[in-house]
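For reference, the structure is listed below as structure tokens.
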2 protein chains.
Amino acid sequence: MSDVARIAGVSPITVSRALREPHKVSDKLREQILEVIEDIGYVPNFAARALASRHSGTVAVLAPILEMSGFFHAAHGIEDRFHSSDVTTQFANIGLDAAEEAKLINLFVAQNPAGIILESVAEFPVNKPLITELGCPVVQMMDTSITPLDMGVGIRNRAAAKAAVEHLLSKGYRRIALLGGGKDIRSRRRFEGYQDALAEAGLYDPNYVFEASGSSPLEQGMKLVFDLGKRLPQIDAVFCHNDRLALGVYFGAQQIGLKVPEDLGICGYNGVDFADVEESPLTSVYVPLYDMGYKAAEMIMRYLSEGERPKKAVELPFEIIEGASTRR
Amino acid sequence: MSDVARIAGVSPITVSRALREPHKVSDKLREQILEVIEDIGYVPNFAARALASRHSGTVAVLAPILEMSGFFHAAHGIEDRFHSSDVTTQFANIGLDAAEEAKLINLFVAQNPAGIILESVAEFPVNKPLITELGCPVVQMMDTSITPLDMGVGIRNRAAAKAAVEHLLSKGYRRIALLGGGKDIRSRRRFEGYQDALAEAGLYDPNYVFEASGSSPLEQGMKLVFDLGKRLPQIDAVFCHNDRLALGVYFGAQQIGLKVPEDLGICGYNGVDFADVEESPLTSVYVPLYDMGYKAAEMIMRYLSEGERPKKAVELPFEIIEGASTRR
DNA sequence: CTGAAAGCGCTAACAT
DNA sequence: ATGTTAGCGCTTTCAG
């Protein structure tokens, strides 16, 4: 930076300002400086900037990135909102371990992020004190049934799951299995919604509840159908916790010659891949993940620029999208 | 850090060492210091550390993360290798735009990363000078037909695609369409492989080559089948550039009542999701993405610890996994 | 609108 | 094995 300053014939601080607060530098000087920067290929050192300014200008996104969940769509929303603003995003993967999560949050907090977007699996984060003591805005992408530590955006998974199962019921399915996963809050809410719908119809039976575990979701879905060979006559639909499980169920059914949707109805969850396909092959609960990400980023920006902080979690709508897998 | 030092009754540099080079501090002192750190919840400031040490200790992973490609598997490999080492990884999304890619690389390079792992789409990176001038190790995950800027790991997409099409030929399919995507090197190599196999069999026909574009891969795959309604009798198999396209083709076929694999054979690419499923529903070219990531990370570590730098790109094996979609 | 001085929190290099 | 000194590259604060 001092090189730039010397060549442009100004002081370093003016270069600094030309970069961060252009309006505080005269047009002439600014252009001159920018030209030199371009010429010599100067790039600011973020570490020095962060150290001097006491904030990193980075929004940390902590999410189960590597889980192949619908997170990508949320990530796209986040990136789109931040694009061409001056905050950068940094993604970090959190697993399913609350302790690891706390550690990671701790790490990021120490770097003075401009904000944190957290798609936490942990229901009662170990990190609550950490975050509440924190100055920066924190947005949780979550189930709106819980109270966010700071700000939150999400859907009501319980209601969504209930609606999905009610859709199956409306199609005449009666013995509806649940293929669930995870013990996190969202999974539990989905289970509750499933239970709600079936209990109301007087059809709830705990024997129909299956926990997916291990290996790939696709394989789990397939295995469920195989293992259920004997029981299958009694089961006529499966509500899956995500679309990949549903896909597995679909292929499993194909393989043992079970007709979808006639013999077996299948409903997935998230639905983002098929959402804009005209004739979706798979019925699914469409969750506005992109919007959730966009909104989360929006909330960070709002707080940063205007100090506004909605006190309640923002609830986004969900939608049941009927596809070929239940259209009978 | 000076607080910690004061309370522990040592100098700051000793605290610094206790953290980074434990063996250089006596056991007694180290324990004492660690205890104080725990007590007061001290967390090091990475910006200061990076500034003082002139390196960030972070490996930047630049890849089309948001493209829903097989990148996750590679990311897992990377994380697994770096896990419990002292380097942290930072993921950044690069799009399909070479100029943007150059900008991003520029940005990261300025932060003195410990290394860079690059899954570049650009064939002749704008950033070549940038990287070659760079001190840190750079690993490209790539097609091994091109020469890496520094180090490289990948597969031969041309050979893999050829093998896949030969598999289709061996199954008696004769009018094999290509559903491709992208103009990047890997896509082009796959096209060449497709061409190789069919040309050898005297069956190559450019009319069978289709470019997927826009919207979601699943939808593109489905649309291909619909649009081909008239031509379909002439086409008896589709080789797809990735598994999602293949899935779309599969569902499209289902919807118009075309039998897979009898009437239409389908082969995908990447195959990671189905690879460990006993009875895979989809024939696919299995690409060892996890291993590629792991190996890339390994190469970075090796260079960092021992200065070793293989001069040639490391080639990993691929495998054609036969699934139900071509088993006839 | 521009600049001078001071210092962000840590580590490299050089002592001891 | 531990400490001292200097300074990483930038931004804050205060002056003009």
Side-chain angles (χ1 to χ4, degrees), chain A residues 1-34 36-37 40-58 86-88 106-114 135-136 304, chain B residues 1-34 36-37 40-58 86-88 106-114 135-136 304:
Chain A
M1 187 183 264
S2 56
D3 287 350
V4 176
R6 194 167 23 74
I7 298 173
V10 295
S11 76
I13 185 61
T14 306
V15 176
S16 175
R17 282 201 268 256
L19 248 23
R20 294 171 304 115
E21 307 163 299
H23 59 278
K24 289 194 178 173
V25 177
S26 67
D27 291 2
K28 182 166 157 288
L29 233 45
R30 181 162 14 89
E31 275 168 37
Q32 214 170 301
I33 291 169
L34 260 26
V36 176
I37 287 177
I40 67 172
Y42 163 79
V43 184
N45 178 320
F46 284 17
R49 181 177 281 183
L51 184 57
S53 68
R54 263 138 288 189
H55 60 250
S56 64
T58 295
D86 54 354
V87 316
T88 40
N106 207 36
L107 200 76
F108 273 90
V109 164
Q111 314 318 314
N112 296 313
C136 80
L304 256 29
Chain B
M1 185 182 266
S2 55
D3 287 350
V4 175
R6 195 167 23 73
I7 298 174
V10 297
S11 78
I13 188 65
T14 306
V15 177
S16 176
R17 282 200 268 254
L19 248 23
R20 293 172 304 116
E21 307 163 298
H23 59 278
K24 289 194 179 173
V25 177
S26 66
D27 290 2
K28 183 166 154 288
L29 233 46
R30 181 161 15 89
E31 274 167 38
Q32 215 169 300
I33 291 169
L34 259 27
V36 175
I37 286 176
I40 68 171
Y42 163 79
V43 184
N45 178 321
F46 283 18
R49 181 177 281 183
L51 185 57
S53 69
R54 262 139 288 190
H55 60 252
S56 62
T58 294
D86 54 354
V87 316
T88 40
N106 208 37
L107 199 76
F108 273 89
V109 164
Q111 314 318 315
N112 296 312
C136 81
L304 256 28

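Just the heavy atoms: all of them, side chains too, but no hydrogens, waters or symmetry mates, feed the values below. Each chain gets a letter, A, B and so on, in the order the sequences are listed, and its residues count up from 1. Given the structure is predicted, the values throughout are model-derived calculations rather than measurements.
Between V10(B) and V25(B), the closest side-chain pair of non-hydrogen atoms is not below 4.5 Å.
Close approach of DNA chain C to chain B, defined as any atom under 4.0 Å from a non-hydrogen atom of the protein, starts and stops at dG9(C) to dA12(C).
Rounded to whole angstrom, the span from the CD1 atom of I13(A) across to the C1' atom of dC14(D) amounts to 12 Å.
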Which donor-acceptor pairs under 3.5 Å do side chains of residues 41-50 of chain A form with protein atoms, sequence neighbours excluded?
| from | atom 1 | to | atom 2 | distance (Å) |
| --- | --- | --- | --- | --- |
| N45(A) | OD1 | A47(A) | N | 2.7 |
| N45(A) | OD1 | A48(A) | N | 3.0 |

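Residues meeting the side chain to side chain contact (heavy atoms under 4.5 Å, CB included) test with I7(A), sequence neighbours left out: V36(A), I40(A). Under the side chain to side chain contact (heavy atoms under 4.5 Å, CB included) criterion, L34(A) pairs with L19(A), R30(A), I37(A), sequence neighbours left out. For R6(B), the salt bridge (charged side-chain N to carboxylate O under 4.0 Å, His left out) partners at least two apart in sequence or on another chain are D3(B). When the side-chain hydrogen bond (donor to acceptor under 3.5 Å, both in side chains) test is applied to S26(B), no partner is found at least two apart in sequence or on another chain. Under the side-chain hydrogen bond (donor to acceptor under 3.5 Å, both in side chains) criterion, S56(A) pairs with no residue at all, not counting sequence neighbours. For the side-chain hydrogen bond (donor to acceptor under 3.5 Å, both in side chains) test, residues two or more places apart in sequence or in another chain that qualify with S16(A) are R20(A). T88(A) meets the side chain to side chain contact (heavy atoms under 4.5 Å, CB included) test with T58(A); sequence neighbours excluded.
For residues 16-26 of chain A, proximity to DNA chain D is found at S16(A), R20(A), defined as any non-hydrogen atom under 4.0 angstrom from a strand atom.
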For nucleotides 7-9 of chain D, give me every protein contact, N/O to N/O, under 3.5 Å, one pair per line with atom names.
| from | atom 1 | to | atom 2 | distance (Å) |
| --- | --- | --- | --- | --- |
| dC8(D) | O2 | A52(B) | N | 3.3 |
| dG9(D) | N2 | A48(A) | O | 3.4 |

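For dT4(D), neither phosphate oxygen OP1 nor OP2 lies less than 4.0 angstrom from any side-chain nitrogen or oxygen of S11(B).
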